[in-house]
Amino acid sequence: MRIHHFFIAAALVATTASADARPHRVVIGDFYGQAKLAHAGRAIAVTSVSDHCDIVSAKQWSAAMSAAKGHGAERWSSAATDTGVDAVIEGWISADGVRTPTMTIEVRDASTGRQIDTVTVRIGNDGNLDERSTHKLATELVELVEWAGSHEMIAPAFLN
């Protein structure tokens with residue numbers, strides 16, 4: 001019973017904090033694959049998170065990473081602190097020899113560089129998503145970005 005109350009309290013803290021907190025800041029980096037589909041995939045990712053997050057330019061992030069001292073997580077942490085970025089999103093399109101290409105988007109915690117998760121959806125040969133895939137992508141990306149921006153507050157110790 002106490003565990004149940006802990007999770008309710010954690011959810012309330014997260015909800016309260018996110019209502020008052022700044023919008024999450026996200027970098028959307030390069031997408032790889034066939035140029036036309038990669039460009040369309042990146043545009044879809046921008047559209048999916050732009051209503052919920054502030055988009056930081058990839059050039060600003062790249063400059064912060066170049067200026068950061070150290071290696072690995074230390075470097076990522078420094079760049080994240082300098083830019084206020086919570087998550088970094090990149091992706092790729094797999095279209096070789098398949099009828100329907102897939103788009104895989106990777107979300108990384110900007111403070112550590114660790115991959116949080118990936119989201120994969122089918123993308124049309126014209127670079128568009130159907131309504132179901134659009135909703136799935138937007139929902140999952142926003143959830144992952146929100147987790148990246150607030151995980152230190154509510155995540156179990158083994159995730160930190």
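For the numbers below, each heavy atom of this structure counts, side chains included, while hydrogens, waters and symmetry mates do not.
A 4.5 Å side-chain heavy-atom check between Arg75 and Met65 finds at least one atom pair inside the cut-off. Side-chain contact between Leu129 and Val121 is present, with heavy atoms from C-beta onward closer than 4.5 Å.
Checking each of Val107, Ile55, Val27, Val46 against Ile89 for a side-chain contact (heavy atoms from CB on, under 4.5 Å) leaves exactly one that passes, namely Val107.
Closest approach of Ala148 and Ile116 over heavy atoms only: CB-CD1, 3.4 Å.
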Step-by-step side-chain contact (heavy atoms from CB on, under 4.5 Å) determination, Trp76 to Arg114: CA-CA 9 Å; Trp76 279 77; Arg114 285 188 298 180; over 6 Å; no

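Taking the side-chain hydrogen bond (donor to acceptor under 3.5 Å, both in side chains) definition, one finds that Glu90 meets it with nothing, sequence neighbours left out. For Arg108, the salt bridge (Lys or Arg N to Asp or Glu O under 4.0 Å) test picks out Glu106, with sequence neighbours left out. For Thr134, the side-chain hydrogen bond (donor to acceptor under 3.5 Å, both in side chains) test picks out no residue, with sequence neighbours left out. Residues passing the side-chain hydrogen bond (donor to acceptor under 3.5 Å, both in side chains) test with Thr104 are Thr120, sequence neighbours excluded. Considering only residues two or more places apart in sequence or on other chains, Asp126 meets the side-chain hydrogen bond (donor to acceptor under 3.5 Å, both in side chains) condition with Asn128.
Clustering of Ile, Leu, Val, Met, Phe, Trp and Tyr side chains at separations under 4.5 Å places Trp92 together with Tyr32.
For the pair Ser48 (side chain) and Ile44 (backbone), a donor-acceptor distance under 3.5 Å is present. For the pair Arg42 (side chain) and Asp30 (backbone), a donor-acceptor distance under 3.5 Å is absent. Under a 3.5 Å cut-off, the side chain of Thr139 and the backbone N or O of His135 do form a donor-acceptor pair.
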